[in-house]
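Heads up, the thing below is written out as structure tokens.
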Protein chains: 2
Amino acid sequence: MLSTSRDRVRRTEVGKINRDAHQPTTVRHRGHVEQHWADGTVRRIEAKAHVFTQGDAKTHVYKVASGAVCLYTVLTDGRRQIIEFALPGDVVGLGAASVQACNAQAIVSTQVQCLPVAALLKAAKKDPEIALKLYEAISRELLATREHLLCLGQRGACERLAAFLVVLSRRNAARGADPRIVKLPMTRLDVADFLGLTIETVSRTLSKMKRQGLIEIDQITIVRLKDDGKLLRLADGGARV
Amino acid sequence: MLSTSRDRVRRTEVGKINRDAHQPTTVRHRGHVEQHWADGTVRRIEAKAHVFTQGDAKTHVYKVASGAVCLYTVLTDGRRQIIEFALPGDVVGLGAASVQACNAQAIVSTQVQCLPVAALLKAAKKDPEIALKLYEAISRELLATREHLLCLGQRGACERLAAFLVVLSRRNAARGADPRIVKLPMTRLDVADFLGLTIETVSRTLSKMKRQGLIEIDQITIVRLKDDGKLLRLADGGARV
DNA sequence: CGACTACTTGACAAGGATCAAAGTTGGTGG
DNA sequence: CCACCAACTTTGATCCTTGTCAAGTAGTCG
């Protein structure tokens, strides 16, 4: 970010980084956590509405059921950093602090399951298994955030985009979808704010990758990975543009 | 980071971001955690030696007793991102993963207390209080890392340095030291790798701040904050250079 | 007092930002 | 069904911050 940018505008989005805490296969221990989620109420949030904002009392933890949410923070002059994209299955609002430190905004019409933290903590205080699940879930978030930190601190524009696509591709693979076809439901601006770039740089870089045969783009939101090996090397610093 | 930088060299350091989990005032609940720390063995690590490296089995959690440690990750071409600096009282190695995802290196001769994770987890499984302490501790790390992410993604060089100094200043204040006098035991290279800049930019930016009367520098490692109000505004995006 | 290592400073280049404008896409209403 | 409009995206030209390359300075240790 070279200078001032006070004109950050609006959004629409998707894409995500950290895996959520409650994978049926693992959680089968006793079923506590799923039970709690099942008890939670469901809330519908329209596109661009906030699930919560910075400073809100942390009353609930939210699990994305459908749609997509982005977590972000802002500087006083309006510059925005998107911390992560939360997709179905992902949880937002974890953390032991009593107030929310970020903003969470739906990027498309979204449904979330709401779990009251009071109940969750009460359960955790009785059942260490649940407390440890919280620990595991937030550990995963921390890992993903550190990876992102490496991205922003050390990688150039191409590398950031490549890393971004690779992560989304992996998420696809993890949920059984085609890892070669990545859907970008979020705006270019969202991608830019996630990667610490400008919208123009994102667009140009994507075009460049297209020219180089690394990817193809359909109707703006669908990216087809043509050479994920090279993308991977690009992201890991093992290849020059 | 504009291009390739394959020539990253060596270090020496200090500086830190996240507060540790075990503040006597809060932990007085039952004393479990302190008890565990007291049981742990102490290990001495000389400057530049690693406490652990990426991929190591996560056998212990470490609490810095004296000295300083940096956590970092690297890209395959050698670019290094320092995640955080751990100072006395800070804990490194938390996280539910079974292997270390980062490298932890002493930047000066350091002593750490080692706590076997096996014992810690066993205790946590019996006592939810302990499990929740883990959750709280790692929640704090996540918050600090997100703040850092905002820094790398959105702030320019001056702003990054200002934010860095402000954080160190606050840490001083938190431990009762003079917030206006910040010691930088780490190398300029370490600062650069922490902030996603080059050593030259760090040096130049510090010099510029000095010329502007924001800071004074004694014997390279001591920074005197002359105008912390303006530094704060700089860091928060509320001021132009 | 040399040889290191770390830091600073300068000149130049390059990646990405900014400014500007044109091309797409999707929704609305006639 | 199509014209129009707003929002989003792409592309181009130019500027600026920061990286790169290259000296030069300053402490440290033997």
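When all heavy atoms of A:C102 and A:T73 are compared, the pair lying nearest together is SG-CG2, 3.8 Å.
Rounded to whole angstrom, the span from the CG atom of B:D218 across to the P atom of D:dG27 amounts to 12 Å. Distance, A:L161 CG to D:dT9 P: 13 Å, rounded to whole Å. Counting to the nearest Å, the C1' atom of D:dG19 and the CG atom of B:L189 are 14 Å from each other. Atom CD of A:E159 is separated from atom P of D:dG19 by 14 Å (rounded to the nearest Å). Taking atom CD of residue B:Q219 and atom C1' of nucleotide D:dT28, one finds them 14 Å apart after rounding to whole Å. Following rounding to the nearest Å, A:R155 (CZ) and D:dG19 (P) show an atom-to-atom distance of 17 Å. Rounded to an integer number of Å, the gap from B:L197 CG to D:dT20 P is 11 Å. Atom NZ of A:K208 is separated from atom P of D:dT10 by 15 Å (rounded to the nearest Å).
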Can you list, pair by pair, the side-chain donor-acceptor contacts under 3.5 Å of residues 221-228 of chain B, counting residues two or more places apart and other chains?
from	atom 1	to	atom 2	distance (Å)
B:T221	OG1	B:K183	NZ	3.4
B:R224	NH2	B:D218	OD2	2.1
B:K226	NZ	B:E216	OE2	3.4
B:D227	OD1	B:K230	N	3.1

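Within the 3.5 Å criterion, the main-chain N or O of A:T201 finds a donor-acceptor partner in the side chain of A:T205. Of the possible polar contacts, one joining the B:H148 side chain to the B:F194 backbone as a donor-acceptor pair under 3.5 Å is found.
Residues satisfying the side-chain hydrogen bond (donor to acceptor under 3.5 Å, both in side chains) criterion with B:R170, sequence neighbours excluded, are absent altogether. Scanning for side-chain hydrogen bond (donor to acceptor under 3.5 Å, both in side chains) contacts around B:D56 gives B:T53, with sequence neighbours left out. Under the side-chain hydrogen bond (donor to acceptor under 3.5 Å, both in side chains) criterion, A:S207 pairs with no residue, sequence neighbours left out.
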- Query: Do B:S109 and B:R44 pass the side-chain hydrogen bond (donor to acceptor under 3.5 Å, both in side chains) test, and can you show the C-alpha distance, the side-chain angles, and the key distance before you say yes or no?
  - Reply: CA-CA 7 Å; B:S109 180; B:R44 167 169 288 286; 2.8 Å; yes

For nucleotides 8-12 of chain C, tabulate all protein N/O to nucleotide N/O atom pairs closer than 3.5 Å, reporting atom names and distance.
from	atom 1	to	atom 2	distance (Å)
C:dT8	OP1	B:R188	NH2	3.3
C:dT8	OP2	B:R188	NE	2.8
C:dT8	OP2	B:S203	OG	2.8
C:dT8	O5'	B:S203	OG	3.1
C:dT9	OP2	B:S207	OG	2.4
C:dG10	N7	B:R204	NH1	2.7
C:dG10	O6	B:R204	NH2	3.3

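For the side-chain hydrogen bond (donor to acceptor under 3.5 Å, both in side chains) with A:Q81, the lone residue among B:R146, B:R155, B:Q154, B:E147 that qualifies is B:Q154.
Bending across the helix from C:dC1-D:dG30 to C:dG30-D:dC1, expressed as the angle between its end axes from five pairs apiece, amounts to 30° (10° rounding).
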